[in-house]
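Worksheet for the structure shown next.
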Amino acid sequence: MGFADQRFNVNLSILFTELPLLERPAAAAAAGFTAVELWWPWIDSPTPERSELDALKKAIDDAGVRLTGLNFYAGQLPGPDRGALSIPGEESERFRANVDVAADFAGSLGCTALNALYGNRVEGVDPAEQDALALENLVLAARAADRIGAILLIEALNRPESPLYPLVSAPAAVEVVDRVDEASGLGNARFLMDLYHLSMNGEDLPAAIERFTPKTGHVQIADNPGRGAPGTGSLPLGDLLGLLTKNGYDGWVGLEYKPGDRPSAEAFDWLPREARAAR
């Protein structure tokens, strides 16, 4: 077990970013991968022009890779924002405008996982008000995901890097997963287990895996410290992925790490080329 038994995809919003967006799917394919994932690529527009959506779809299709995960609109990411769905006013409306656009785009590529980042706490706004708005918007997102046969992912981030984000532990994120499932009646909300974020929070990773694998719909990895490739820090990522497999996880593992001071194509030397294509 470990690396050899996983289905990996490459996050094209943190890797290959030295290239224009439309060149990244082909670069991932050239590195030996057959699956990719993305944050919402148009950070200034929840509803980009059809021509932009079509161009990205064509780039993914032409590269021969599969899109396996997509974020809903999340504000300025990378940047100061950590989602839009719990932010009252314009940002919440932008999220709502994006829900069907993102779902339709994902559906057109056979993507079956949509990630909805919760959003930061806003000074002067009652957290209970934000949580009520978040639940309302997450139910809308769950319905859109269900329409295309997808799951809705809810992610825990880490407090040191995202101090205003309220979901900074596995239990906090899974609690929201349960609330969304109860409110929607669909049962398609899942936990996005990012091992880097959980480690930054000081969580017991084996214990979190043992407890929350049944609720987990997607896994992402980066080493810690540094958020670099496996082997650049001290996390036993191979062992942790093996434990996930032992506990029944058979989904995708997203490579969401920084390449460091080298081209992204050189940041996969920890993974034999024959293990990069999804099986």
Side-chain angles (χ1 to χ4, degrees), residues 2-44 48 52-53 55-71 74 76-81 105 109 111 113 115 117 155 157-158 160-162 192 194-197 199-200 218-238 240-241 252-279:
F3 294 140
D5 299 300
Q6 307 304 322
R7 292 190 298 158
F8 292 105
N9 62 35
V10 177
N11 189 300
L12 298 181
S13 298
I14 193 168
L15 285 156
F16 295 108
T17 57
E18 65 269 29
L19 300 174
L21 175 65
L22 298 184
E23 295 179 18
R24 296 176 202 170
F33 293 95
T34 56
V36 299
E37 63 182 27
L38 280 164
W39 304 342
W40 184 247
W42 299 279
I43 61 174
D44 294 318
E52 294 185 80
L53 292 161
L56 181 55
K57 181 180 186 303
K58 183 177 187 300
I60 292 170
D61 284 337
D62 287 352
V65 296
R66 177 182 170 189
L67 182 69
T68 57
L70 178 69
N71 282 19
Q76 298 294 311
L77 183 74
D81 298 332
F105 181 73
L109 285 159
C111 174
N115 184 26
L117 285 172
E155 182 174 8
L157 301 183
N158 73 77
E161 295 174 329
S162 304
L192 196 168
D194 186 310
L195 297 178
Y196 167 75
H197 288 310
S199 69
M200 283 286 288
H218 186 46
V219 171
Q220 291 175 332
I221 62 169
D223 215 331
N224 187 28
R227 201 175 185 177
T232 60
S234 58
L235 287 183
L237 288 168
L240 294 169
L241 292 178
W252 294 95
V253 175
L255 305 181
E256 197 187 48
Y257 59 78
K258 299 175 182 179
D261 58 355
R262 55 184 170 168
S264 295
E266 299 176 10
F268 304 108
D269 51 0
W270 59 275
L271 184 65
R273 191 175 181 90
E274 60 270 19
R276 299 176 190 179
R279 295 173 297 284

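Residue numbers run from 1 in the order of the sequence given.
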Just do the side-chain contact (heavy atoms from CB on, under 4.5 Å) check on His218 and Asn9 with the steps written out, would you?
-> CA-CA 11 Å; His218 186 46; Asn9 62 35; 3.8 Å; yes
Taken to the nearest 0.5 Å, the spacing of Tyr257 OH from Tyr196 OH works out to 15.0 Å
If the plane angle is over 60° it's perpendicular, under 30° parallel, otherwise tilted; pick one for Phe105 and Trp42.
-> perpendicular
Between CG on residue Leu117 and CG on residue Asp81, distance to nearest 0.5 Å | 10.5 Å
Drop me the distance from Leu109's CG to Ile60's CD1, to the nearest 0.5 angstrom.
-> 5.0 Å
Distance in Å, Leu255 CG paired with Glu37 CD, rounded so as to fall on 0.5 Å steps | 8.0 Å
With respect to Phe33, which candidate in Phe16, Trp252, Phe268 satisfies the ring-ring contact (aromatic ring centres under 6.0 Å, His included) definition?
-> Phe268
Give a yes or no answer on whether the side chain of Thr17 reaches the backbone of Leu12 with a donor-acceptor pair at less than 3.5 Å.
-> no
Would Leu56 and Leu22 satisfy side-chain contact (heavy atoms from CB on, under 4.5 Å), going step by step from the backbone distance to the final call?
-> CA-CA 6 Å; Leu56 181 55; Leu22 298 184; 4.1 Å; yes
Asn224 side chain to Ser234 backbone, donor-acceptor under 3.5 Å | no
CH2 on Trp270 to CZ on Phe3, rounded to 0.5 Å | 5.0 Å
Measure from the side-chain N and O atoms of Asp223 to the backbone N and O of Leu235, and report whether any donor-acceptor pair falls under 3.5 Å.
-> yes
Please report the C-alpha distance between Arg262 and Asp269 in whole Å, then the side-chain angles of each, then the deciding distance to 0.1 Å, and finally whether the side-chain contact (heavy atoms from CB on, under 4.5 Å) criterion is met.
-> CA-CA 12 Å; Arg262 55 184 170 168; Asp269 51 0; 3.6 Å; yes
Would a distance-only check, ignoring hydrogens and angles, find a side-chain to backbone donor-acceptor pair under 3.5 Å from Glu18 to Pro263?
-> no
With no hydrogens and no angle check, is any side-chain donor or acceptor of Arg276 less than 3.5 Å from a backbone partner on Phe8?
-> no
Side-chain donor/acceptor of Asn11 to backbone N/O of Glu256, under 3.5 Å = no
Start with the C-alpha distance between Leu38 and Leu21, add both sets of side-chain angles, then the distance that settles side-chain contact (heavy atoms from CB on, under 4.5 Å), and finish with yes or no.
-> CA-CA 10 Å; Leu38 280 164; Leu21 175 65; 4.1 Å; yes
Under 3.5 Å, is there a donor-acceptor pair between the side chain of Thr68 and the main chain of Val36?
-> yes
Heavy-atom side-chain contact between His197 and Arg227 under 4.5 Å = yes
Could you state the interatomic distance from CG (Asp44) to CD (Gln76), rounded to the nearest 0.5 Å?
-> 5.0 Å
With no hydrogens and no angle check, is any side-chain donor or acceptor of Thr34 less than 3.5 Å from a backbone partner on Ala278?
-> yes
